[in-house]
Amino acid sequence: MNGSISYPVARRDEGQSEVLHGVEVQDPYRWLEDPDSEETRTWVEAENELSRSYVSGDVREEVLSELKKMSEYEKLGCPFKVGDAIMFMKKDGLQNQHVLYRQDDLNSEPIVVLDPNKFSEDGTASLGELEPSDDGKMLAFSVSLSGSDWRSIHVLDLVSLEEISGSCDWARYTSIAWKKDGRGFYYCRYPAVDEDKTAEERGTSTAEVKNQMVYFHQVGSSQEQDRLIYEDPDHPDWNFRLTTTDDGKYLLIGVTQSCAPQEKLHLIDIEQHFGYESKHVVTLIDDFEAEYHYIANDGSLFYVRTNRDAPRNQIVRIDVEKEVLPSWTSLLEEHPSDVLVHAEAVDGNKMVVIYQQDVKHVLELRHLQEGALIRPLQLPDLGCVTVNSRRRDSDFFFRFTSFVHAGSIFHVDLNGGGEPKLYRQVDVPDHDPSDYATEQVFYESKDGAKIPMFIVKKKSVRLPAPCELYGYGGFMISILPSFSLTNLIWMRRFNGIYCVANIRGGDEYGEDWHNAGIIEKKQNCFDDFQAAAEYLVSSNMTTAKQLWIFGGSNGGLLVGACINQRPELFGAAVAAVGVMDMLRFHKFGIGRFWTSDFGHPDDPEHFKSIYAYSPLHNVKDPADSGNPYPPTLLTTADHDDRVAPLHSYKYAAELQHRAGASGSQTAPLLLLVDTKAGHGAGKPTSKQLEEAADILAFVSRATGCPLVS
């Protein structure tokens with residue numbers, strides 16, 4: 001594919017436009033917003049055929065073979081207690097989905113409890129939420145089809161391992177909160193929509209979802225018998241988050257209106273008012289100023305992690321029977337630099353606390369009622385952890401991962417000294433973590449801000465070398481050290497460097513870091529990422545020709561904006577499931593929730609900043625800009641009902657029309673659309689490996705970076 005490329009013809013409707021805040025905005029590819037039209041399907045098929053012709057070949061086949069070979073190991077999740085037993089998720093080799101196992105104690109033989117690989121022949125049905133009842137006799141679990149965010153909730157009898165009749169449909173972005181006695185659970189659902197479609201067909205819908213409600217489901221009954229507990233029809237855009245307290249007395253309902261870390265908080269005394277919950281909703285917090293994460297409670301005295309008056313979070317004590325705000329007592333005050341990202345109760349009067357220190361985790365054991373440090377818990381290296389504990393237990397588990405460590409499971413027995421002991425180790429075939437070096441640097445962005453970046457590479461690599469730069473920068477999400485087989489293959493078989501720029505907009509340093517990369521300050525994210533590219537080239541890590549950028553979802557937006565603004569910085573670009581039409585994102589699915597980060601296109605001031613960087617609306621003709629686009633691959637999936645594929649469709653069509661048709665543009669601008677897949681969660685191993693092979697084959701051809709033996 002050299003010289004001028006013949007792209008599939010996408011009809012331009014030049015008459016499709018609208019005036020927004022005095023600006024006429026053309027939208028010639030609005031017809032691509034209909035994923036089910038014959039015209040859209042035909043165009044997507046042609047795009048896939050073109051992209052397949054570019055990525056196919058020996059490199060892809062060898063990469064795929066290597067990925068499959070190195071996937072032959074156990075992938076282990078962090079164990080958790082259920083009743084008196086231990087459960088954990090495990091995926092062997094090329095299994096498509098993780099399987100749920102149970103063992104009676106630390107040394108007993110595990111048995112299979114739930115195997116989602118049996119839900120579908122192609123592995124595209126996956127588990128979502130898993131929530132056991134307090135007595136360990138029941139398990140509520142949700143199932144997603146083809147990667148859709150829609151869920152159906154089912155109940156498994158953990159004694160007989162038989163599913164109990166009576167599933168709950170129309171669940172999406174739901175919590176599952178069991179009643180203490182195990183008779184049933186609280187969950188969130190939406191009104192039934194698209195009832196003429198199958199459950200799988202609903203996953204391609206781009207329609208907005210509104211009017212979430214809280215229901216109680218009694219085990220063994222039909223969903224038609226479920227009781228409505230809470231709704232707010234005056235605010236159809238709001239969603240709910242549910243928690244039942246450890247003692248079973250209270251149900252907490254967090255009310256969110258966006259993705260911002262802000263919620264109202266309601267409480268129901270379900271011990272006293274079960275059966276009449278809807279009439280006894282008590283409002284604890286009636287503003288959207290902060291969020292509140294339940295840790296434990298002693299009667300009406302609650303221990304809560306919150307960002308109220310603490311951008312890096314603190315732990316407070318709240319007496320819910322008194323006026324809330326004046327009765328708060330800070331148990332663990334905000335740290336001057338580190339972010340308090342997690343806390344769980346354990347062993348009655350203790351809690352396990354995770355701090356985020358310069359984008360890596362620190363684990364501590366503290367006193368629950370006082371917040372005082374009992375002891376730090378040593379981690380094996382620079383990385384991140386997940387913790388599972390219960391207040392009733394004197395032991396707990398945590399899982400450690402890093403860029404080069406695939407996973408280590410530790411068990412901590414507080415009655416046996418309290419030091420972490422290695423319980424299980426995940427070993428990747430023919431991989432020695434000591435062959436690799438991880439470095440963290442701090443570089444300067446356009447406005448002088450210091451931005452952290454991880455640089456991971458083989459110790460033997462010669463510089464400058466091929467380099468991947470990854471970024472996200474949004475929604476209070478921190479990009480922490482984590483293991484990826486794809487990144488390992490990149491470093492191993494291409495002598496590549498893997499870099500993560502922890503740009504503003506995430507939660508790397510708390511709420512202030514997040515706020516510095518949203519709405520009218522969103523351009524900071526793009527400046528930070530571009531400055532990372534400049535740093536890597538100027539420090540001789542790589543060259544512009546060898547540097548490729550990658551991001552997904554909000555990170556896909558990042559890639560799209562950066563290749564529009566500074567195409568000369570990059571040798572190639574891959575944008576996965578990106579948000580590309582920033583003037584219409586709020587009209588599809590749950591896009592309205594993203595206005596907390598992006599701003600609202602209907603707001604005149606927000607519109608100015610959004611329109612200035614929206615990837616779809618800022619594509620340039622290389623003949624005018626003087627800089628052709630780097631080879632670019634956009635990837636999406638037909639069942640992505642979180643970031644609808646229309647974003648990638650419209651941006652690809654505009655890129656190919658405005659840039660691809662230019663005589664100055666010879667590098668390919670491609671679109672690859674997966675089928676029976678969604679935004680990423682629950683994607684089967686087979687599809688993950690195929691996608692990774694596509695991307696690395698594309699990058700190899702685009703940058704001229706060869707495979708090495």
Side-chain angles (χ1 to χ4, degrees), residues 1-14 26-29 32 43-44 46-57 466 468-469 526 529-530 533-534 537 542-551 556-576 578 580-582 612-636 647-673 694-695 697-705:
M1 193 177 290
N2 299 310
S4 179
I5 300 170
S6 178
Y7 292 105
V9 176
R11 173 175 59 86
R12 285 182 67 84
D13 183 356
E14 302 291 358
Q26 301 293 324
D27 195 6
Y29 299 116
L32 283 170
W43 179 79
V44 167
E47 290 287 342
N48 272 346
E49 184 177 353
L50 175 65
S51 299
R52 287 272 166 233
S53 71
Y54 188 87
V55 302
S56 297
E468 174 190 355
L469 175 60
F526 314 137
F529 200 58
Q530 293 160 24
E534 292 173 323
V537 172
T542 190
T543 64
K545 171 63 177 172
Q546 294 173 294
L547 177 63
W548 64 284
I549 56 174
F550 180 49
L557 158 64
L558 172 71
V559 170
C562 285
I563 61 173
N564 281 348
Q565 294 176 7
R566 297 291 303 279
E568 77 282 0
L569 290 179
F570 318 113
V574 180
M580 302 302 192
D581 185 348
M582 300 305 299
Y613 69 76
S614 174
L616 177 63
H617 302 96
N618 287 278
V619 176
K620 298 177 177 64
D621 184 337
D624 297 332
S625 67
N627 291 306
Y629 280 80
T632 299
L633 176 65
L634 309 179
T635 66
T636 188
H647 286 276
S648 295
Y649 294 175
K650 294 169 74 174
Y651 184 49
E654 186 67 18
L655 272 176
Q656 292 173 359
H657 168 76
R658 192 168 300 280
S662 171
S664 303
Q665 180 70 36
T666 58
L669 307 167
L670 304 176
L671 171 69
L672 195 54
V673 183
D694 289 339
I695 290 172
F698 168 80
V699 169
S700 176
R701 182 169 179 180
T703 63
C705 172

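Just so you know, these numbers use all the heavy atoms, side chains as well, and skip hydrogens, waters and symmetry mates.
- To the nearest 0.5 Å, the span separating CG on L547 from CD on E534 amounts to 11.0 Å.
- Using a 4.5 Å cut-off on side-chain heavy atoms (C-beta onward), H657 and V619 make no contact.
- At least one side-chain heavy atom of P630 sits under 4.5 Å from a side-chain heavy atom of I563.
- Annotation: the span from F570 atom CZ to W548 atom CH2 amounts to 13.0 Å, rounded to 0.5 Å.
- A salt bridge does not link D621 to R658: none of the charged nitrogens lies less than 4.0 Å from a carboxylate oxygen.
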ring-ring contact (aromatic ring centres under 6.0 Å, His included) evaluation trace for Y649 with Y29 = CA-CA 9 Å; Y649 294 175; Y29 299 116; over 10 Å; no
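- Of the inter-residue distances, the one linking L50 atom CG with I5 atom CD1 reads 7.0 Å to the nearest 0.5 angstrom.
- Contact record, V559 with A573: CG1-CB, 3.8 Å, taken as the closest heavy-atom pair.
- Put simply, the side chain of R12 does not reach to within 4.5 Å of the side chain of Q26, judged on heavy atoms.
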Please walk me through it: do F550 and V699 pass side chain to side chain contact (heavy atoms under 4.5 Å, CB included)?
-> CA-CA 10 Å; F550 180 49; V699 169; over 6 Å; no
Derivation and outcome, side chain to side chain contact (heavy atoms under 4.5 Å, CB included), residues R52 and L672 = CA-CA 8 Å; R52 287 272 166 233; L672 195 54; 3.9 Å; yes
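- The nearest pair of heavy atoms linking T703 to A572 is CG2-CB, 3.9 Å.
- Counting only distance, with no hydrogens or angles, the side chain of N627 and the backbone of E568 share no donor-acceptor pair below 3.5 Å.
- Between M580 and K650 there is no side-chain heavy-atom pair separated by less than 4.5 Å.
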Could you check D581 against H617 for side chain to side chain contact (heavy atoms under 4.5 Å, CB included), going step by step and ending with a plain yes or no?
-> CA-CA 8 Å; D581 185 348; H617 302 96; 3.2 Å; yes
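- No side-chain heavy atom of I549 sits less than 4.5 Å from a side-chain heavy atom of V574.
- No donor-acceptor pair under 3.5 Å is formed between the side chain of T542 and the backbone N or O of V537.
- At distances below 3.5 Å, not a single donor-acceptor pair connects side-chain atoms of R566 with backbone N or O atoms of Q530.
- In this structure, P631 and A702 approach most closely via the heavy-atom pair CB-CB, 3.4 Å.
- Of all non-hydrogen atoms in L669 and Y7, the two that sit nearest each other are N-OH, 3.0 Å.
- By the 4.5 Å heavy-atom criterion applied to side chains, L671 and S648 are counted as neighbours.
- Of the inter-residue distances, the one linking L670 atom CG with S51 atom OG reads 4.0 Å to the nearest 0.5 angstrom.
- The distance from atom CG of D694 to atom OG of S56, rounded to the nearest 0.5 Å, is 7.5 Å.
- Residues M582 and P615 meet the side-chain proximity criterion, which asks for heavy atoms closer than 4.5 Å.
- Residue A10 comes nearest to W43 through the heavy atom pair CB-NE1, 3.4 Å, listed as atom of the first residue, atom of the second, then distance.
- When all heavy atoms of K620 and S625 are compared, the closest pair comes out as CD-CB, 4.2 Å.
- The CD atom of E468 sits 11.5 Å away from the SG atom of C705 when rounded to the nearest 0.5 Å.
- Here the side chains of E47 and Q656 are in contact, with some heavy-atom distance below 4.5 Å.
- Between the side chain of Q665 and the backbone N or O of Y629, at least one donor-acceptor pair lies under 3.5 Å.
- Crowding of E49 atom CD: a count of heavy atoms from other residues, nucleotides or ligands under 6.0 Å not exceeding 12.
- Partner Y651 forms a side chain to side chain donor-acceptor pair (under 3.5 Å) with one of T632, T636, N564 and no other, that one being N564.
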